[in-house]
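The structure under discussion appears below in the form of structure tokens.
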Amino acid sequence: MKQHVVKSLQTAFESLKEQWGIDSIPDIEVEIPRDEKMGDFATPAAMKLARILKKPPGEIADEIVVTLHEQSSDIFESIDIAGPGFINFRFNNNFFRNQLKALLEGEKSMLQSDTGKGRKIQVEFVSANPTGPLHIGHGRGAAVGNALCNILDAAGYEVEREFYINDAGLQIKLLGQSVYARYQQLFGNDIEFPEDGYRGDYIDSVAESVKEKYGDTYAHQTFDECGDPVTEFACNMMLENIKKDLKDFGVIFDSWQSEKELHEKGMVRHALDTLRDKGLLYEEEGAHWFRSTEFGDDKDRVIKKKDGAFTYFASDISYHKNKLDRGFDEIIDIWGADHHGYIQRIRSVLEAFDLPRDKFRVILIQMVSLLRHGEPVPMSKRAGAFITLREVIDEVGPDITKFIFLTRKADSHLDFDIDVAKEQSSENPVFYVQYAFARISSIFRLAEEKGMKGAENLNYHDVDFSALQEDEDMSLIKKLLQYPVVFEGAATACEPHRITYYLQELAGVFHAYYYKHRVLSDDGRLTLARLSLCRGIKIILEHGLKLLGVSAPESM
RNA sequence: GCCCCCGUAGCUCAGCAGGAUAGAGCGGCAGAUUCCUAAUCUGUAGGCCACGUGUUCGAAUCGCGUCGGGGGCGCCA
């Protein structure tokens, strides 16, 4: 739909270029005006050109509109100039009806975009340390990452969803030590609990499981003797829990990349060698450094410590090189907002490995403040006092939780009040959208009962769309045809919340429509046309909800 | 001290890489159901877009500064 406007403008500019005496036209911007009364699409092109042509915007707009009118086009109701020089386009109703018909006849094609053009893109998200259960912040990352992947996938990208497992390093060792200590306590051995150890209840269950599986095998061994198997056991158990939580949340990954494996396969060393060959590593004060300042970082970063151990950053270098080696054209990392300080150094790494700047993108997930009865719930992973994603899924449900996470921009703070999400269910926006879907489904059920076989899969070729005459008919059609525009915006900006907002708007227009007009009536011609319209809305609602990872119930 | 995010209606937040008279939900007030699901709809009140200053035809949006809230700044992960 937007393309029709853009094309008309392009053609007009082609013929005006000579007259204006310029070689190229700046990018054509076309937007949906905030107020429906202004038109269906608008362009501020004349105002942009004013500067280049050194003429008043109104005059330029005039020339453009005259040229547009000369191009015989039967899709516009009107093209006129408003405000400081906007050109407003209004399609005629027949065009809208035809577009609706096209959507119904070729569902898939209109809902598929080629923005991605088959490019390979990897999205890494959640990537929680397997040192404890997922908390609500991970849940937000999971919801956003999942929705984004769905969107990119529908936009024509070849998407891989990856979870990076930090199963090497100090934190994992601490996990092992914590479990070891609890395990010893099960046998009455009073072992000193590690100072920075993990104190959550889940550590006890892991220790119990170790005992169940291995009995007292390690009861008389020091951590040095049995640390490896205990740690590995604990890590695996944590990881299995994480996988299960994510699965129950409705988030599936294609790939799980282990940090430990990067070390074991020598990939860390290899990646560093590559950097060394490029002259980007140096030694100073007994440590090894990466020249990230070459790429705009504040300071160079240590990759190997004085004591000979690699830093976490070293694994990250290897990990991101590995991503490139796997042939991804674009890379998206979704991190907690507290990691924002890492963006520049990872960007430096990728540039060092020759990935163009604009092919790497970090999406930061802001913190979630969890509330109960309006009171903040304190969270501390080390102390083991926090609400897990599991608890929220069990208490609130995955659909509501995901939807709420997706009602905000990823990088703004989010208040998540469990009681509001759960108890005031009738005021929950997710139900508002789902209810629209259920209502439509109900209409189709009734139509079937009334003997209209295949009401939901009509032969649209035979439907007379010109029966749709009311203002509300048209508003609804227009709203639903905006979907591809919104969808494309969400994909290019990597902002799933735009879909969430749109779905609420579409549901709103439908609910108002439903209240005012009947779909099933004595007028057979009108009924068929409105059933078709309903089918269109149902398709869009279902498509949108699916992108968000939220179910679309046939009845509620 | 340096860096990042945020500051829009009573509350929670949108505002799409400057554009037209600033929006939604919730809450408030007043209404709507003989009719396809009232988890719905209609109307109404409510804003110096934190503050100041610059850039320009035009700023909630961009620059600089101030104030306020949150987070980050290790040879930790």
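Every chain is numbered from 1, with letters handed out A, B, ... down the list of sequences.
Nearest heavy atoms, Asp40(A) versus Pro33(A): O-CD, 3.5 Å.
Residue contacts shown for Leu520(A) include a base, since a base heavy atom lies under 4.0 Å away. Using a 4.0 Å heavy-atom cutoff across all strands shown, Ser412(A) reaches sugar-phosphate atoms only and no base atom. Looking at heavy-atom distances under 4.0 Å, Glu285(A) makes contact with a base. Contacts of Phe444(A) with the nucleic acid, taken as non-hydrogen atoms under 4.0 Å apart, are absent. Within 4.0 Å (heavy atoms only), Ala447(A) reaches no atom of the nucleic acid at all. Counting any heavy atom pair closer than 4.0 Å across all strands shown, Ile32(A) reaches a base atom. Nucleic acid contact for Asn166(A): none, since no nucleic acid atom lies under 4.0 Å from a heavy atom of the residue. Residue Arg445(A) is classed as a base contact, given a heavy-atom separation below 4.0 Å to a base. Asn88(A) comes within contact range of at least one nucleobase, with a heavy-atom separation under 4.0 Å. Residue His340(A) is classed as a base contact, given a heavy-atom separation below 4.0 Å to a base.
Aromatic ring pairs are classed by plane angle as parallel below 30°, tilted from 30° to 60° and perpendicular above 60°; the pair Tyr513(A) and His517(A) is tilted. Aromatic ring pairs are classed by plane angle as parallel below 30°, tilted from 30° to 60° and perpendicular above 60°; the pair His543(A) and Tyr483(A) is perpendicular.
Judged by atom type and distance alone, His339(A) does not reach the base of rG72(B) through any side-chain donor-acceptor pair under 3.5 Å. If you check distances only, the side chain of Tyr515(A) never reaches the base of rA38(B) with a donor-acceptor pair under 3.5 Å. In the interface, the side chain of Asp35(A) is not paired with the base of rA20(B) through any donor and acceptor atom under 3.5 Å apart.
Taking the charged nitrogens against the carboxylate oxygens, Lys516(A) and Glu470(A) have no contact shorter than 4.0 Å, which rules out a salt bridge. Residues Arg291(A) and Glu294(A) are not paired through a salt bridge, judged by the lack of any N-O separation under 4.0 Å between the basic side chain and the carboxylate.
Rounded to an integer number of Å, the gap from Ile404(A) CD1 to rC13(B) C1' is 13 Å. Distance CZ (Arg439(A)) to C1' (rC36(B)): 9 Å, rounded to an integer number of Å. Atom CG of Leu364(A) is separated from atom C1' of rC6(B) by 13 Å (rounded to the nearest Å). What separates CD1 of Ile400(A) from P of rG25(B) is a distance of 20 Å, to the nearest Å. What separates CG of Leu371(A) from P of rC11(B) is a distance of 15 Å, to the nearest Å. Atom CZ of Arg408(A) and atom C1' of rC13(B) are 5 Å apart (whole Å). Between His517(A) atom NE2 and rU33(B) atom P there is a gap of 18 Å when expressed in whole angstrom units. Leu414(A) places its CG atom 10 Å from the C1' atom of rC13(B), with the value rounded to the nearest Å.
Across the P atoms, rU12(B) and rG19(B) are found 26 Å apart, a figure rounded to whole Å. The separation of rG68(B) from rG25(B), taken at their C1' atoms, amounts to 26 Å, rounded to a whole angstrom. Atom name C1', nucleotides rC73(B) and rA20(B): the rounded distance is 44 Å, in whole Å. Comparing the P positions of rG18(B) and rC3(B) gives a spacing of 24 Å, expressed to the nearest Å. For rC11(B) and rA17(B), the C1' atoms lie 30 Å apart once the distance is rounded to whole Å. Taking the P atoms as reference points, rU66(B) lies 10 Å from rG1(B), given to the whole Å.
A close approach under 4.0 Å does occur between a side-chain nitrogen or oxygen of Tyr432(A) and OP1 or OP2 of rC41(B).
Among the nucleotides rC75(B), rG71(B), rC16(B), the one closest to any side-chain atom of Glu31(A) is rC16(B). Distances from the side chain of Met556(A) to the nucleotides rC36(B), rC13(B), rA39(B) place rA39(B) closest. When distances are taken from the side chain of Asp338(A) to each of rC16(B), rG71(B), rU40(B), the shortest belongs to rG71(B). Comparing atom distances between the Pro44(A) side chain and each of rC41(B), rA20(B), rG19(B) picks out rG19(B) as nearest. For Lys299(A), whose side chain is taken as the heavy atoms from C-beta onward, the closest listed nucleotide among rG69(B), rG74(B), rA20(B) is rG74(B). Side-chain proximity of Trp289(A) to rC75(B), rC13(B), rC36(B): nearest is rC75(B). Listed nucleotides rG15(B), rC36(B), rC41(B) differ in distance to Ala512(A); the shortest reach to its side chain belongs to rC41(B). The nucleotide whose nearest atom lies closest to any side-chain atom of Asp415(A) is, among rU12(B), rC36(B), rC76(B), rU12(B). The side chain of His413(A) lies closest to rC5(B) when the candidates are rC5(B), rG15(B), rC76(B). In this structure, of rC75(B), rG15(B), rG72(B), it is rG15(B) that holds the atom nearest to the side chain of Lys409(A).
Looking at Thr527(A), its side chain never comes within 3.5 Å of a backbone N or O of Leu520(A) through a donor-acceptor pair. No donor-acceptor pair under 3.5 Å is formed between the side chain of Ser442(A) and the backbone N or O of Ala438(A). Of the possible polar contacts, one joining the Thr311(A) side chain to the Val302(A) backbone as a donor-acceptor pair under 3.5 Å is found.
Ring-to-base geometry does not place Tyr501(A) in a stacked arrangement with rA24(B) (centre distance under 5.5 Å, plane angle under 30° required).
rA30(B) is paired with rU42(B) under the criterion used here, namely a Watson-Crick or G-U wobble arrangement in which both key atom distances are under 3.5 Å.
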